[in-house]
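Proteins get letters first, then strands, A, B, ... in listed order; numbering begins at 1 in each.
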Number of protein chains: 2
Amino acid sequence: MLARVSTPPTFKRLPRAVREQQMLDAAVKVFSRRGFHAASMDEIAEDAGISKPMVYAYLGTKEELFVACLHREGTRMMQAIAGAAAPDLPADERLWRGLRAFFGFVGAHRDGWAVLYRQARGEQPFAGELAAMRTRLVDVVAGMLDHALRAEGREVGETELEVVAYALVGATESLADWLADHPDADPEKTATRMMNVAWLGAGQLLRGTTWRPPAS
Amino acid sequence: MLARVSTPPTFKRLPRAVREQQMLDAAVKVFSRRGFHAASMDEIAEDAGISKPMVYAYLGTKEELFVACLHREGTRMMQAIAGAAAPDLPADERLWRGLRAFFGFVGAHRDGWAVLYRQARGEQPFAGELAAMRTRLVDVVAGMLDHALRAEGREVGETELEVVAYALVGATESLADWLADHPDADPEKTATRMMNVAWLGAGQLLRGTTWRPPAS
DNA sequence: GAGCATACCTACTCGTGCGTAAGGTTACGC
DNA sequence: GCGTAACCTTACGCACGAGTAGGTATGCTC
């Protein structure tokens with residue numbers, strides 16, 4: 001009450017949709033800085049310029065809030081990538097565009113997405129959420145490889161394909177981390193480097209060249 | 001006291017070194033099942049067949065305990081890999097042996113190491129610990145690539161090298177996760193697959209072949 | 001300008017789990 | 001056979017943070 005006197009005009013009453021976005025912004029920021037567990041609802045509320053019960057009223061429990069963050073950021077990323085992927089282009093062109101979009105997105109949301117991603121990997125409750133996104137990505141990549149293979153009349157076992165896709169996605173994530181940790185690095189250039197590793201490696205595989213273990 | 005009567009011979013007094021290993025075993029098990037935060041010291045103590053204050057007396061706080069786990073498992077892994085790396089072999093042979101040792105290790109410690117690794121990525125307090133191990137790995141790989149490059153009279157910028165190494169390490173970790181999630185998958189085969197992607201891709205790069213972005 | 005819904009707050013409860021104090025028991029040296 | 005040191009216990013203090021109860025202000029509708 002006493003404090004109220006000094007801040008009468010500060011409290012703007014805002015519509016729900018706006019406040020929800022502010023809360024999500026704050027949540028992403030705090031979660032990414034502190035990690036899921038170390039982040040407190042109080043801090044998120046304070047950072048959003050609002051009180052804690054409002055967060056509960058709008059976004060639910062802490063876990064639900066985190067999932068909401070994951071969804072918003074994940075959806076944004078998927079859209080950014082999907083927007084760049086014209087399905088009737090040659091495989092390397094599609095891969096290139098996808099990678100460029102992906103690294104562009106990570107570069108623009110450094111502490112946003114990459115760190116949420118890191119977070120969600122460990123925490124049991126969200127392993128599922130994240131695994132789903134990852135699986136979608138792997139499937140997309142595997143599909144692309146498969147498509148390119150069939151176009152050349154070749155074919156490869158399903159597991160084989162999945163594993164290669166897994167490796168590529170892993171390499172890409174790893175470079176995304178690297179990018180997030182190097183604020184002055186160029187996303188475009190990073191995408192090119194990834195493309196080099198991925199395409200030369202995968203390209204060889206597509207052409208039927210394989211490496212065989214020595215007889216040891 | 002009453003309970004004591006029914007269990008007089010149960011309590012073996014064991015030397016510190018033995019108990020410490022038992023505690024670490026239990027800690028690795030519980031941390032990997034529950035995750036760092038969800039794991040409770042009580043459960044770890046119970047699983048080790050000992051009471052909580054003993055854990056504190058020997059291994060210190062929860063964070064210190066986790067770091068101790070990380071160190072033990074990390075050291076074991078590094079040794080497994082180092083033991084397989086004769087420095088005077090050709091680069092692809094060395095890479096192959098390293099990968100085989102690595103996947104062999106992960107295969108043998110599925111819920112041990114791979115999951116701790118996943119854990120440590122997110123949690124702020126351990127980002128440093130893990131980053132150090134990762135950096136060592138990246139340096140080893142980068143050194144190998146550099147060595148192979150110079151042998152062919154070629155040379156590449158330092159960042160370039162680091163990034164490629166980063167991508168390879170990321171892809172390898174990703175496959176390690178895949179392996180940990182597929183209990184009946186063959187580590188040897190997984191290593192071969194990784195070798196395919198890595199070596200064909202890196203091999204091309206070594207030979208000077210590079211992919212260039214289209215003029216868009 | 002009464003009524004009603006929505007935005008928003010302060011100030012609590014309560015569980016959980018880290019870390020510890022204080023004391024009991026076994027082995028071993030002398 | 002007795003001290004002493006290491007081993008091991010039960011039982012607690014205490015902080016922190018998720019989630020809530022209950023109340024106040026604001027604006028919109030008729």
Side-chain angles (χ1 to χ4, degrees), chain A residues 1-24 26-27 30-31 33-69 119 123-126, chain B residues 1-24 26-27 30-31 33-69 119 123-126:
Chain A
M1 280 193 183
L2 288 168
R4 231 6 132 55
V5 177
S6 62
T7 55
T10 311
F11 293 116
K12 296 262 180 210
R13 287 169 80 84
L14 295 175
R16 175 168 184 152
V18 177
R19 274 277 132 89
E20 278 184 350
Q21 291 309 310
Q22 292 180 350
M23 290 177 188
L24 286 175
V30 175
F31 277 137
R33 245 210 320 264
R34 302 248 190 262
F36 175 75
H37 267 98
S40 76
M41 294 299 266
D42 295 80
E43 183 178 359
I44 291 171
E46 184 184 345
D47 197 285
I50 212 75
S51 72
K52 200 164 50 151
M54 287 309 296
V55 181
Y56 280 90
Y58 285 174
L59 278 325
T61 75
K62 191 180 183 184
E63 294 203 354
E64 286 165 351
L65 174 59
F66 189 79
V67 170
C69 291
Q119 283 306 320
E123 309 289 341
Q124 250 63 6
F126 315 112
Chain B
M1 280 195 183
L2 289 168
R4 230 5 132 56
V5 177
S6 63
T7 57
T10 312
F11 294 116
K12 295 265 182 209
R13 289 167 80 83
L14 294 174
R16 175 165 185 157
V18 177
R19 273 277 132 88
E20 279 184 349
Q21 292 309 310
Q22 292 180 351
M23 290 177 190
L24 285 176
V30 175
F31 278 137
R33 245 211 319 265
R34 302 248 189 263
F36 175 75
H37 267 98
S40 77
M41 293 299 267
D42 295 82
E43 184 178 359
I44 291 172
E46 184 183 345
D47 197 286
I50 212 74
S51 71
K52 200 165 47 152
M54 287 311 296
V55 182
Y56 280 90
Y58 285 174
L59 277 326
T61 75
K62 191 181 183 184
E63 294 201 355
E64 286 165 352
L65 175 59
F66 189 79
V67 171
C69 291
Q119 283 305 321
E123 309 289 341
Q124 250 63 10
F126 316 112

**OP:** Examine D:dC8: is either OP1 or OP2 under 4.0 Å from a nitrogen or oxygen in the side chain of B:R19? Give yes or no.
**Re:** yes
Subject >> Pairing residues for A:E43 by the salt bridge (charged side-chain N to carboxylate O under 4.0 Å, His left out) criterion, not counting sequence neighbours >> reply: A:R33, A:R34
Under 3.5 Å between N/O atoms: give me all the protein pairs with nucleotides 13-17 of chain D, atom names plus distance.
none

**OP:** Apply salt bridge (charged side-chain N to carboxylate O under 4.0 Å, His left out) to B:K52 and list each qualifying residue two or more places apart in sequence or on a separate chain.
**Re:** B:D42
Original post:
Among all residues two or more places apart in sequence or in another chain, which pass the ring pair (Phe, Tyr, Trp, His ring centres under 6.0 Å) test with A:Y56?
Top reply: none
Original post:
Can you check the A:E46 CD to C:dT10 P distance for me, whole Å?
Top reply: 11 Å
Subject >> B:Q22: side chain to side chain donor-acceptor pair (under 3.5 Å) partners, not counting sequence neighbours >> reply: B:R19
Original post:
Just wondering, do B:H37 and A:F36 contact through their side chains at under 4.5 Å, heavy atoms?
Top reply: no
Original post:
Between C:dC8, D:dT20, D:dT9, which one does the side chain of B:S51 approach most closely?
Top reply: D:dT9
**OP:** May I have the distance from B:M54 (atom CE) to D:dC8 (atom P), rounded to whole angstrom?
**Re:** 5 Å
**OP:** Report the residues that fulfil side chain to side chain contact (heavy atoms under 4.5 Å, CB included) with B:Q21, sequence neighbours left out, ordered by chain and then residue number.
**Re:** B:L24, B:R72, B:R76
Original post:
Any idea which of C:dT20, D:dC8, C:dA11 is nearest the B:Y58 side chain?
Top reply: D:dC8
**OP:** Take the protein atom CD1 of B:I50 and the nucleotide atom C1' of C:dT25, then report the distance between them rounded to whole Å.
**Re:** 13 Å
Subject >> Separation of D:dT9 C1' from B:Y56 OH (nearest whole Å) >> reply: 16 Å
